[in-house]
Structures are given as structure tokens and as C-alpha cells.
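Okay, so here's the structure we're looking at.
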Amino acid sequence: MQELRIGTMVWGEEALNVIPQILPHGFECFEIAFWLSTGNTDLVETAKGLKEQLSEKDASISCLSIFGNALTGEGSSEDTLASWERLIDNAHHFGVDLITGFTGRLADRPIEESIPRFKQVFGELSKRAMDKGIRLAFENCAMDGDWNRGEWNIAHNPAAWELMFNAVPMDNIGLEWEPAHQLVSLIDPIPQLRKWVGKVFHVHGKDATLAWDIVKEHGIHGPKTFAWHRTPVSGIAIGRILLRF
């Protein structure tokens, strides 16, 4: 039986300052995340400090994350691919075997056009990770993209997952799955989870509210908001809940 640990996401640059403030609220694990680049963060020293802080509460780090566009490496994402490599190489300092993030995509092109580049980039990264006993998982947020256009991520639709995992058929790549991202696409997350649970390595436990009356009257392309993301708790200010398997 696998253990579930409840946690939240913390930005890597702030983790040493933020985690001691929220640790007393009962969190059991933390996702240490970076936006676009690991930057000037000393990963070895950060890992050492976090392990000291977490050992007092029997808490742990569930994964390391890098969110950017590793497929283009352009503009603000120029260091994203190198950051994936750094996190893979330094994961053992944090005591983790999981790195997560966006896939990236060819900007404003249909998802299938990104697959050859995905195969090239993550085929190599998955081998690098496999050699170190590391798994890779892709967040399923659309980042306002759809099948035909977007800037950040192709891993938001099950049809894309089929293309991705067929292109890179490695056992150490999977999903960082969040039901809210599927709900706002009008996908029922439960039958999807039954089919794809074997590829789910990490869960973001954010929920969503759908206003079906607005959908039925106005559709999803009109001016009225039809869905809201929300965390399934109250009384504590956190960005999301994590479930570590």
C-alpha cells in the first residue's frame, strides 16, 4: 500500500524562508518549484537547509519542479532545459526521485507539431533521469492554450498524452495530474483517472467549480466566466494541495 502525504508548493528561491512559517500547519511534504529557471539558487545548499528544517517535523520534499518552455529555449525560457538537467542531477541532495514541470510546446502551433521536438528533448532527459533513478512528470495545465495554439504546455489533454507517451515510451515519464485542469475543459476527471492512473506520479489536489447554467446558455467562448479554480479547503492560504504517491 502506497503512502499519501499532504503538502503544498513553495517557490525554490523562497523555500528556506517560507517553509518554517507554514510547517506548523501540518503539511507533510513540499513541492519545491522554479519558474523558467533555477537561476542563482545553490541547489546543494538549499537541499541541505531544507532537510534540516523538515527533519524536525518528519516532513519531506515530494518533488522538484521547473515550469517553462524546454522545447524552444527562447526568450525567458532560455535556461529551462538546462534547469531540467540541473534538477535531475541534484535530485539526490533533496532525497527525491521526481522532477515535474510543463513539456513546453512550439508556440501557437498544433500539438502534434510539437511531438518531434518533445521526443528529442524528453527522450534525452528521460534517459538522463533513468540513469539516476529519477522519474519525470508533466503538469496538465493548459496555460490558456488549446490543441491548436499555446505557449507553454502540450500535456493538458489525453489525446496529447497518447502522442507523448508513444513518442517517448519510457516507464519513468508520467503525469503531475490535477483534476481542476480537466474540469475546466469539461472533462470528467474520474473515468480519466481510472484509465491513466498508472501514469500519475504526483497529484495537485486543486478543485474547480463549473457553472453549468452559464455553459448551457452561453457556451464556453462567450464573455461570461463558466469555471473557477479553488482549493478544497478553507481557513488556510495555500496555493494547492499535493498528494505524494
Quick one: list whatever passes side chain to side chain donor-acceptor pair (under 3.5 Å) with N140, sequence neighbours left out. none
Does the separation of the ring centres of F118 and F138 fall below 6.0 angstrom? yes
Going by the side chain to side chain donor-acceptor pair (under 3.5 Å) test, which pairs reach into residues 209-221, not counting sequence neighbours? T209-R230
Are any non-hydrogen side-chain atoms of P189 and L183 less than 4.5 angstrom apart? yes
What do you reckon, are the aromatic ring centroids of H204 and H181 less than 6.0 Å apart? no
Side chains of residues 34-43: which donor-acceptor partners sit under 3.5 Å, not counting sequence neighbours?
{"residue": "S37", "atom": "OG", "partner": "G39", "partner atom": "N", "Å": "2.8"}
{"residue": "S37", "atom": "OG", "partner": "D79", "partner atom": "OD2", "Å": "2.5"}
{"residue": "T38", "atom": "OG1", "partner": "R86", "partner atom": "NH1", "Å": "2.9"}
{"residue": "T41", "atom": "OG1", "partner": "T38", "partner atom": "O", "Å": "3.1"}
{"residue": "D42", "atom": "OD1", "partner": "V44", "partner atom": "N", "Å": "3.2"}
{"residue": "D42", "atom": "OD1", "partner": "E45", "partner atom": "N", "Å": "3.1"}

Could you pull out all residues at least two apart from E28 that satisfy salt bridge (Lys or Arg N to Asp or Glu O under 4.0 Å)? none
According to the salt bridge (charged side-chain N to carboxylate O under 4.0 Å, His left out) rule, which pairs have a member within residues 47-68, sequence neighbours left out? none
Pairwise side chain to side chain donor-acceptor pair (under 3.5 Å) hits with a residue in residues 141-152, at least two apart: E112-W147
Within 6.0 Å of CG in D171, more than 12 heavy atoms from elsewhere: no
Could you tell me which residues satisfy side chain to side chain contact (heavy atoms under 4.5 Å, CB included) with A33, sequence neighbours excluded, listed by chain and number? M9, W11, S65, F67
Using the side chain to side chain contact (heavy atoms under 4.5 Å, CB included) rule, take E176 and E31 through it: C-alpha gap first, then chi angles, then the decisive distance, then the call. CA-CA 11 Å; E176 181 172 64; E31 176 175 350; 3.1 Å; yes
Pairs of donor and acceptor atoms involving the side chains of residues 119-127, under 3.5 Å and at least two apart or interchain, shall be tabulated with distances.
{"residue": "Q120", "atom": "OE1", "partner": "R117", "partner atom": "NH1", "Å": "2.9"}
{"residue": "S126", "atom": "OG", "partner": "F122", "partner atom": "O", "Å": "2.9"}
{"residue": "S126", "atom": "OG", "partner": "G123", "partner atom": "O", "Å": "2.9"}

Are S185 and H156 close enough that a side-chain donor and a side-chain acceptor fall under 3.5 Å? no
T103 side chain near S114 side chain, heavy-atom distance below 4.5 Å: no
Would a line drawn from the ring center of W177 to the ring center of W196 be shorter than 6.0 Å? no
Could you pull out all residues at least two apart from K195 that satisfy salt bridge (Lys or Arg N to Asp or Glu O under 4.0 Å)? E162
Side chain to side chain contact (heavy atoms under 4.5 Å, CB included) involving A15 - partner list, sequence neighbours excluded: V10, I19, I32, L50
Check salt bridge (Lys or Arg N to Asp or Glu O under 4.0 Å) between K224 and all other residues, then give those that pass, not counting sequence neighbours. none
Across all chains, not counting sequence neighbours, the ring-ring contact (aromatic ring centres under 6.0 Å, His included) partners of H92 are none
